[in-house]
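Below is one structure, written out as structure tokens; comments come after it.
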Amino acid sequence: MIFCLIASTSWAQYEFMNPSSTIPASPSTSAPKVFTPSVFSPKTPSTTKSSSILEKNSMQFTNPNSFANPGDVYKDKLNRKPEGDDFRIYRKNQFLGEFTSKAETVRISCRDFGEIDGDEIRIWVNGKIMVERIFLTGDYRGIDLGLIKGFNKVDFEAINQGESGPNTAEFQVYDEKGQLISANQWNLATGFKASIILIKN
């Protein structure tokens, strides 16, 4: 009896350890394959055109509105070139006064008081050309003139009218002691003159 029990146990262990006697797994019971998408795999290009959020919400740093400068209105009026009837008032000679002085010499200085646009003048003294050409800038430029006894007529002739006529200038006349004798302005068309008379006692 004991022999039979030992024999049965040995046979059972033999069957369990023998791999050739195991039942193979059925193919139908195999688990399905699972495909995990990779974050590194390229994406399929879309046929629909995608737009960036930066394109939809583009920021604009410049102001599309243009604001007018109120000063431009007055600037345009001052720099506007007269035409027609407006320009006729400059087509004449201008007499700017008669002055008496005991000075032996005077200094006459001129500058362009309007837009610096290329105005040029010629200075005559008693019918003779004293200075052939002076280009007027924003700074005073002048000459020293010796006076003769009696009348000394000084003419400022407008050689041109610059880019925005008329010829605009401001002048000052000082004696040798630095005292102001006369100061004035002119607006001239080309070829016309502004004149002063200096009488030496």
Side-chain angles (χ1 to χ4, degrees), residues 62-201:
T62 57
N63 190 350
N65 299 324
S66 58
F67 297 96
N69 184 352
D72 290 343
V73 177
Y74 302 100
K75 181 180 178 181
D76 293 340
K77 288 182 179 180
L78 290 173
N79 293 332
R80 180 174 60 88
K81 189 172 183 177
E83 298 179 357
D85 294 337
D86 293 338
F87 194 72
R88 290 179 184 175
I89 60 175
Y90 306 119
R91 299 183 61 80
K92 62 181 181 181
N93 295 324
Q94 299 177 15
F95 180 66
L96 302 179
E98 183 179 295
F99 308 92
T100 302
S101 177
K102 296 180 180 180
E104 294 292 331
T105 61
V106 294
R107 180 158 185 84
I108 302 174
S109 301
C110 306
R111 73 178 182 95
D112 194 336
F113 72 84
E115 182 179 355
I116 309 303
D117 58 349
D119 288 342
E120 295 179 321
I121 63 168
R122 180 178 293 118
I123 298 179
W124 299 70
V125 178
N126 293 331
K128 296 181 180 180
I129 296 176
M130 177 63 63
V131 180
E132 180 64 35
R133 185 181 299 267
I134 295 179
F135 180 82
L136 298 178
T137 66
D139 299 323
Y140 281 103
R141 305 176 66 182
I143 62 167
D144 293 322
L145 175 65
L147 299 180
I148 62 174
K149 191 171 182 65
F151 287 86
N152 297 267
K153 184 184 180 185
V154 180
D155 298 315
F156 305 95
E157 178 187 358
I159 296 177
N160 64 7
Q161 297 169 187
E163 296 179 358
S164 58
N167 185 299
T168 55
E170 179 179 16
F171 74 92
Q172 296 176 343
V173 181
Y174 289 89
D175 63 15
E176 64 263 21
K177 295 180 180 180
Q179 296 179 339
L180 182 65
I181 297 174
S182 175
N184 211 326
Q185 297 176 344
W186 71 71
N187 295 272
L188 297 171
T190 301
F192 290 89
K193 299 176 181 178
S195 304
I196 61 172
I197 293 178
L198 301 173
I199 301 174
K200 179 185 176 184
N201 289 337

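Computation of the quantities below employed the complete heavy-atom set of this structure, encompassing side-chain atoms and omitting hydrogens, waters and symmetry-equivalent molecules. The first residue in the sequence is number 1, and the count goes up from there.
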Any Asn126 side-chain heavy atom under 4.5 Å of Asn152 side chain: yes
Close side-chain approach of Phe156 and Ile123, heavy atoms under 4.5 Å: yes
Distance-only side-chain donor-acceptor flag, Asp117 / Ser164, under 3.5 Å: yes
Candidates Thr137, Thr168, Ile134 - the one meeting side chain to side chain contact (heavy atoms under 4.5 Å, CB included) with Asp119: Thr168
Is there a side-chain contact between Glu170 and Tyr140 in this structure, where contact means two heavy atoms from C-beta onward sitting under 4.5 Å apart? yes
What's the shortest heavy-atom distance between Ala158 and Ala189, and which atoms? CB-O, 3.5 Å
When every non-hydrogen atom of Glu98 is compared with those of Phe151, the smallest separation belongs to OE1-CE2, 4.3 Å
For residues 128-143, the salt bridge (charged side-chain N to carboxylate O under 4.0 Å, His left out) pairs (sequence neighbours left out) are Glu120-Arg133, Arg122-Glu132
Less than 4.0 Å between a side-chain N and a carboxylate O, is that true for Glu157 and Lys193? no
Any Lys/Arg nitrogen of Lys200 or Glu104 sitting under 4.0 Å from an Asp/Glu carboxylate oxygen of the other? yes
To the nearest 0.5 Å, how far apart are CZ in Arg107 and CD in Glu176? 13.0 Å
Heavy atoms, side chains only, cut-off 4.5 Å: are Asn167 and Ile121 in contact? yes
Side chain proximity check, Val154 to Leu145, heavy atoms < 4.5 angstrom: yes
Is there side-chain contact between Trp186 and Cys110, with at least one heavy-atom pair below 4.5 Å? yes
With a 4.5 Å cut-off on side-chain heavy atoms, are Asn184 and Phe171 touching? yes
Establish, from distance only, whether the side-chain atoms of Ser195 and Asn93 form a donor-acceptor pair under 3.5 Å. no
Identify the two heavy atoms, one from Leu188 and one from Pro166, that lie closest to each other, and give their separation to 0.1 Å. O-CB, 3.3 Å
Tell me, do Leu180 and Gln172 make a side-chain contact under 4.5 Å, heavy atoms counted? yes
